[in-house]
Amino acid sequence: MALLLALLIVCHTLFTTHLCSATDTITHNTTLRDGDTIVSNGGTFALGFFSPGNSRKRYIGIWYNKVSEQTVVWVANRANPINSSSSGLLRIDSRPNLVIFDGNQTNPVWSNNVSIPITEKTNPSSLFYKLLDSGNLVLVDENRGNRGSPVFLWQSFDYPTHTMLPGMKIGVNLKSGLNWTLTSWKSPDDPSIGDYSTWVDRSGPPEFFLRSGSRLIWRTGVWNLEGWSGIPRMLQEDVLNYSFVNSPDEISFSYIIYNTSIFSRFYLDDLGTIQRSVWLDSGRRWNRFWEAPGDRCDNFGGCGAFGMCNPNNAWICSCFPGFEPKSPKDWNNLDRSQGCVRKRVCDNGDGFLRLLKIKIPDASNARVNMSMSIKDCEGECRKNCSCTGYASVGGNGDVSSCLMWFGDLVDIREYLDGGQEFFLRVDAVELANAATTSQSKGSSSRKKLVLIGVLVVVGSLIFVAAFYYFFRRVKRRGYVQRKRHPKPPFSLPISENYEEASASFELPSLDLDTMIVATENFSPANKLGTGGFGSVYKGKLPDGRQVAVKRLSKNSGQGVTEFKNEVMVIAKLQHRNLVQIIGCCVTNEEKILIYEYMPNKSLDFLLFGMLIIISHLLLFTIPVSSFPKEEVMKFIQVGILCVQENAKDRPTMSSVIFMLDNETTIPIPKQPAFVLISKPNSPSTSTTGTGSHSISEMSTTIIEGRVKAGPSCIHESLEVSRTMLFAALMLIGKYVATEKPTVPDFVYFFNNKLCSATNDTITQNKFLRDGDTLVSHGGIYALGFFSPGNSQKRYVGIWFNKVSEQTVVWVANRNNPVNESSSGVVKIDGRGNLAIFNGNASNSVWSTNISIKVTKKASSALSYKLLDSGNLVLVQENKSDVLWQSFDYPTDTLKFGFNWKLGLNWSLTSWKSRDDPSNGDFVLIFNTRGAPDGLIRNGSRVIWRTGPWNGRTWNGIPRMSTNFLFHYSFINNSNEIYFSYGSNNNSVFDRLQVDDLGFFRRSSWLEDSHRWNEFYSAPGDACDHYGKCGAFGSCNANNAQICSCVPGYEPKSQKDWYLKDGSQGCVRKRELSCGKGDGFLKLEKVKLPDTSNAGVDMSLGIKDCETECRNNCSCTGYSSAYVDGSGCIGWFGDLTDVKQFTVGGQDLFVRVDAIELGNSTRHSKGFFSKKNLVLLCVLIVVGLLALIFAFYYLFGRAKTRGLPREERSLHELLSNLSNEETNAKFDLPIFDLDAMMLATDNFSLANKLGSGGFGSVYKGKLSDGREIAVKRLSKNSGQGIIEFKNEVVLIAKLQHRNLVQILGCCIDKEEKIGYMSPEYAMDGLFSIKSDVFSFGVLLLEIISGKKNSGFYCEDHSMNLIKHAWELWRDGRPLELVDRAMGTSFPEQDVVKFIQVGILCIQENANDRPTMSSVIFMLSNETTIPTPEQPAFILTRRYRHPNSSTTGTSSCSVNEMSTSIMEGR
């Protein structure tokens, strides 16, 4: 019996422990030990002990049971792990809490702390924990509820960790106080609470935020009854069903999945990204379905207040209509965090602009009314001046709901699809501008088609008739003959302007391709300098000659004529001291001159005389006492002879050489041509320094050349500073003043001013110890020992010296750190290597390991210098060659590529972590197969690809092309292939980096905010990940279904495609019958496929490229290599990693079968294909223009038939202009309209001087160089031919020194222009007092801060002049002063100014003072006369009740025009 009892006890123990551990329940009688698991009823989830990542600590968690990759969704003791040496267990205590114990089973490590009361009636055996198939661990009481609807006393879903499962809620329970919040893990190895969490904001309509501490990272937007407004892809969801609850009891968001066999989860990772993933059985991996933040515009408030973000725009951020950047400087430096401010204050006449497809602003400062219609919402917002905008909660105003904002509008972005309407409050001016530029949608499609057809037919007929008429007219003028024999835009030689030239010459013309090759595509590395008309580059012709290539800027303003003249003049000049022109290149808009190349400092001797000689002399003289004083003084005397003011007094170069090399009498020099003298400081200026100016009023160019140092700074290489030039000029000044300089004078300046010790070089005698730093000459970079992040290990690196946040760009011993207990040393060893030593150890931990052979003597002349570019270089004394440089061994920053000749691989390798700069997992390297492009790889797996170089940018980074802050260079030749970049502003610190997470980032330092501002990062969205949509798949991040197949293909796996997994790509719908009707379809604006299986031929154009691809059945597609259409890329195999852009990209032509080609033709809508629509639009526009022309011509002819002959043509009237009183004839030239348009740059607003009642006045320049004022009469001014003739006759008769003269006029159809100053007399009466009136009006405008033409106040009958007069008359003149002045102005002076201003505008010209009197009155204390009533009062013209005019206008009591002057 005892044996039988023992067996029963053992069986019971086994049953209650191990057997029960395989169930889904934990009871009072069971214990879960480390190694045991419980599994939900359907086998979906499991619970047990686990160790995350590389950790050995033990946690209780829930994970997917049917997923091969362990994926934990909930952790119990995330903050209290069990040590790996202990054996943990899980059981229920008496409360009944679920408790985790370590090995000793005394003190619990974790408990769920349930708060249910336990009474005598409570049966502990009825309480148990159960793992459901939803992944929810629940505490159940069998005595409560029923079998179909049990009561949960506690559930793990109320305490989420980092994962949200179907059925789980995120939000807040207002009744119980529970916060359903996701919190990230600290790292993949540590599930404790990390830096990121979700949070619901209830200050306005509820929104969910992702935050790190108090910093907001991303928000969902408000719930619009269908989904979150900030996640438009939710509306296109067909796998999940979402739910949002906003009640007095709770605010929560949850979801369910339609197909329960699909495992889907939301989770917050340790990097601060919320992701939704779906498990793929076929690929045995999680497929990322969605993530946020997904692009730069998802980052909260990235464009600041009233800024709008669009990731498809190059500049990302833009201001709302009616707003402008708050800080233009920061805005241009790509820091938009300060946002935008209003251009004008909203006042009467303001209204609302509708913005479409946007993520509506952060609603924390918004009010919601769910019972208010969108119309009533507008009314309420209009009543409250603090309301900045409104929208419908339900989205696009289709339900009764209102959301109004009061304050800044933050975190707005634009979408291509989705989003909502938002109504923005703007001022009256912005509202009017929007109304002017808006376009109506028009009628229905059928009506449009009918109208288009009619317009095409009618327009075509009219166009033919108009063209025939025009042809006949121009033929009579000889226009056709000129068109048949056009004059070439450029030809040489040009003899008409140089008849005196007797010798002819020939100038070779080189093609543009030769110039591109010679200058390495005009590489910034070859740039010699920049001038007003363009840049100059160093180049090398095919015959080996070095040349200087001047490339004229397209926007320089230098036209064909100036270019032709420059070529003509320089080509004729031949002199040994002048560079010769070798040839020119003219291709389309490119104008290039090729000169002989002169090396740097080749003109130094001529320009600076003995300054260079003295510096060379000091190189070879060591002690001061050994200077040959007589020789030095001779050098100085010859030097001053070379810089005498009169060129004829200067010696020739042969004479200079003779005087220097021989004992001969040297002439006494005269005053130099350019002498700097001190400018005394003015007592009124705050400048503390001294200035200088030229007695000859010429500018000085400070030359900073590279020279070798003097005796006291041997082995140090310094730049010639401004001190050198100043010192030399002072010595010359002493000579001119007969105060002879001595040799010690030169020694002092050259030794102490130029050769002051610097700290940018390591020599044999100069070590660098831990704590010391090497600083580049300009102070930009520093080199020294550092410890990254939280590490205690020591490394030698280079970092930005002027950046407050230490940013390391290069690490020497990244894989061999110095122990923190040692004191590291950097020095040059006996072989010339730069070596790092650990304390006093004899063996180095790192060395440059140079492979050059140097003797002991030569090694002493080696030095390492840190340059302002951040490059550490090894140089040898007296030699310019760089023997070694850190740029050839980049770490995670700077350039990348290959040097075939030297065998160097310039790749960027990430750090292992922020605390460890050793080689990490990610590398940016060139793929040289096919068309070269850059790849980020993790081992052999490609993460991201730049796309091939398209001649301007990387094809896969279209945003590169529009950046004015930086320039890029791509070199690909037989010696090397690399990409580099530079800043156009040396004060901007910029860097490219591959970080430890595998992102390629480009950042700029913002000095004001002391932080790095990220300008670009990749991968940036889901489509940036390499091969996201597989072979023959195209990815578009703006679509809900981001993957689609290219034409002629279909998904390889429909099931995976449905689950948003496109990795298996697409296959052909039908077998391709090569040569039997197949062809190519064009994909526009795409990232070209991976070119590893492509061939490249840069000699082929796009047409030849198509032919080559068509003739090869293996060719699957082709494209131009460069965006200008040159070069050919043909693919032979899969087309992988194709991405669709909205802006940028290139055209890709995909080979398709005949059926697909036919279907595409039908789908192109035949006649209404894109090409035909463009042609149709052109015909319509031309037809309409012809119709207007014909109508106007016929109407004008009919109208003039009934007019008197003298009014039929102003040309006839002007040709017979005469002075009837004196019978004196005068000539008035008539100019054609083309000449006027050319003179005024097509009446450019930049040339506009002012506007008057009858038209505008522009500044212009005639072809002979004269500057003129062009008055262009408005067609709607009301001034007719008679008034125009009278004005011309009147002004042409007047001749006075105070009046401008009329030079001529122009009449072309309705265009009437006269040449005169905009300030002409009032009432048609000209006098010497006419300009006084204009001055008086201007003076009153300055005082009041208002313009006379646009002035208004409560009394609508007033304008500025009348207003000023009435205030003066009533004794209230100070009320005229601009309110912005406050009270901080001298009242007595202002009253005097007002009085003088009114005197200037008196009605009788004789009563007005002269300008000399005006100046006297304004500048002195004197008695000023009392003014009479002003002469010219503008009154407001009211709108008639039946008129549709909304603006206001002004009229003149004498019906003459006034030119309103607007000073620049």
* To do: Test Lys1085 against Gln1140 for side chain to side chain contact (heavy atoms under 4.5 Å, CB included), laying out the working first.
  => CA-CA 6 Å; Lys1085 298 179 181 178; Gln1140 183 70 54; 3.8 Å; yes
* Structure fact -> Scanning both residues in full, the closest heavy-atom pair of Asn813 with Val796 reads OD1-N, 2.8 Å
* To do: Decide, based on the SG atoms alone, whether Cys1043 and Cys1035 are under 2.5 Å apart.
  => no
* To do: Please answer whether the main-chain N or O of Ser1120 pairs with a side-chain N or O of Gln1146 as donor and acceptor at a distance below 3.5 Å.
  => yes
* Asked: For the side chain of Ser776 and the backbone of Tyr781, is there at least one donor-acceptor N/O pair under 3.5 Å apart?
  -> yes
* Asked: Which pair of heavy atoms, one from Asn310 and one from Cys297, lies closest together, and at what distance?
  -> N-SG, 3.3 Å
* Distance from Ile798 atom CD1 to Asn871 atom CG, nearest 0.5 Å? -> 7.5 Å
* Asked: Counting N and O atoms only, with roles assigned by atom type, does the side chain of Thr928 sit under 3.5 Å from a partner on the main chain of Pro932, one being a donor and the other an acceptor?
  -> no
* Sub-2.5 Å SG contact, Cys303 and Cys309 -> no
* Asked: Is there a donor-acceptor pair under 3.5 Å between the side chain of Asn833 and the backbone N or O of Ile850?
  -> yes
* To do: Before accepting this row, confirm whether a basic side-chain N of the pair Arg1002/Asp990 lies closer than 4.0 Å to the acidic partner's carboxylate O.
  => yes
* Where do Trp906 and Tyr889 land on the ring pair (Phe, Tyr, Trp, His ring centres under 6.0 Å) test, with the steps shown first? -> CA-CA 6 Å; Trp906 299 312; Tyr889 305 91; 9.5 Å; no
* Asp995 side chain reached by Asp892 side chain, heavy atoms, under 4.5 Å -> no
* Look at the side chain of Arg296 and the backbone N and O of Ser1017, then say whether any donor-acceptor pair between them is shorter than 3.5 Å. => no
* Min side-chain heavy-atom separation Ile594-Met515 under 4.5 Å -> yes
* **Reported OG-to-CG distance for the pair Ser337 and Asn1013, which is rounded to 0.5 angstrom** => 7.5 Å
* Exam field: side chain Ser918 to backbone Asn815, donor-acceptor pair closer than 3.5 Å -> no
* Asked: Can you check whether Asp298's main-chain N or O pairs, donor with acceptor, with Asp295's side chain at less than 3.5 Å?
  -> yes
* Could you walk me through whether Phe1032 and Thr1136 pass side chain to side chain contact (heavy atoms under 4.5 Å, CB included), step by step? => CA-CA 6 Å; Phe1032 300 104; Thr1136 306; over 6 Å; no
* Could you walk me through whether Asp1124 and Ser1126 pass the side-chain hydrogen bond (donor to acceptor under 3.5 Å, both in side chains) test, one step at a time? => CA-CA 6 Å; Asp1124 61 5; Ser1126 62; 2.7 Å; yes
* Structure fact -> Here the gap from Asp996 atom CG to Thr909 atom OG1, rounded to the nearest 0.5 Å, amounts to 13.0 Å
* To do: Measure across Gly302 and Cys317 and return the closest heavy-atom pair with its distance rounded to 0.1 Å.
  => O-SG, 4.1 Å
* **Contact check, side chains of Thr848 and Leu874, non-hydrogen atoms, under 4.5 Å** => no
* **Verdict with reasoning, Leu935 to Leu924, per side chain to side chain contact (heavy atoms under 4.5 Å, CB included)** => CA-CA 5 Å; Leu935 303 176; Leu924 175 62; 5.7 Å; no
* Establish, yes or no, whether the cationic atom of Arg551 lies under 6.0 Å from the six-membered ring centre of Phe522 and within 45° of the ring axis. => yes
* Asked: If only atom types and distance count, is the side chain of Asn313 paired as donor or acceptor with the main-chain N or O of Ile316 below 3.5 Å?
  -> no
* Ring-face cation of Arg1001 near Trp1012 (centre distance under 6.0 Å, axis angle within 45°) -> no
* Could you walk me through whether Tyr595 and Leu593 pass the side chain to side chain contact (heavy atoms under 4.5 Å, CB included) check? -> CA-CA 7 Å; Tyr595 295 94; Leu593 295 174; 3.4 Å; yes
* Asked: Would Ser913 and Asp916 satisfy side-chain hydrogen bond (donor to acceptor under 3.5 Å, both in side chains), going step by step from the backbone distance to the final call?
  -> CA-CA 5 Å; Ser913 71; Asp916 184 359; 5.2 Å; no
* Among Asn927, Thr1091, Asp1137, Asp1090, side-chain hydrogen bond (donor to acceptor under 3.5 Å, both in side chains) partner for Arg945 -> Asp1137
* Does Thr514 offer a backbone N or O that forms a donor-acceptor pair with the side chain of Asp511 under 3.5 Å? -> yes
* Using the ring pair (Phe, Tyr, Trp, His ring centres under 6.0 Å) rule, pick out the option among Trp1131, Phe1080, Phe1132 that qualifies with Tyr1118. => Phe1080
* To do: Can you see which heavy atom on Cys1029 is nearest to which on Ser1034, and at what distance?
  => SG-O, 3.8 Å
* Do side-chain atoms of Arg814 reach the backbone of Gly797 as a donor and acceptor pair under 3.5 angstrom? -> no
* **CG-NZ distance between Asp921 and Lys912, expressed to the nearest 0.5 angstrom** => 7.0 Å
* Can we say Asp335 and Arg1011 salt-bridge, meaning some charged N sits less than 4.0 Å from an Asp/Glu carboxylate O? -> yes
* Side-chain heavy-atom pair Asp1147, Ser1119 within 4.5 angstrom cut-off -> no
* Evaluate the ring planes of Tyr1016 and Trp944, with Trp represented by its six-membered ring, and classify them as parallel (under 30°), tilted (30 to 60°) or perpendicular (over 60°). => tilted
* Structure fact -> Here the pair of heavy atoms bringing Asp868 nearest to Gly779 is OD1-N, 3.7 Å
* Asked: Salt-bridged, Asp933 to Lys1087, with N to O below 4.0 Å?
  -> no
* Flag side-chain contact, heavy atom, 4.5 Å: Asn1036 against Lys1139 -> no
* Structure fact -> Between the CZ atom in Phe1149 and the SG atom in Cys1115, the distance rounded to the nearest 0.5 Å is 12.0 Å
* Asked: Do the side chains of Ile592 and Glu590 get nearer than 4.5 Å, heavy atoms only?
  -> yes
* Structure fact -> The single option from Tyr978, Phe979, Tyr1122, Trp949 that satisfies ring pair (Phe, Tyr, Trp, His ring centres under 6.0 Å) with Phe970 is Trp949
* Determine whether Ile936 and Phe999 make a side-chain contact, defined as any pair of heavy atoms from C-beta on separated by less than 4.5 Å. => no
* **Heavy-atom closest contact (Ser804 atom, Trp1005 atom, distance)** => OG-CZ2, 3.3 Å
* **Rounded distance (nearest 0.5 Å) linking atom CG of Leu774 with atom CG of Leu872** => 7.5 Å
* Asked: Do Leu834 and Trp884 have side-chain heavy atoms sitting under 4.5 Å apart?
  -> no
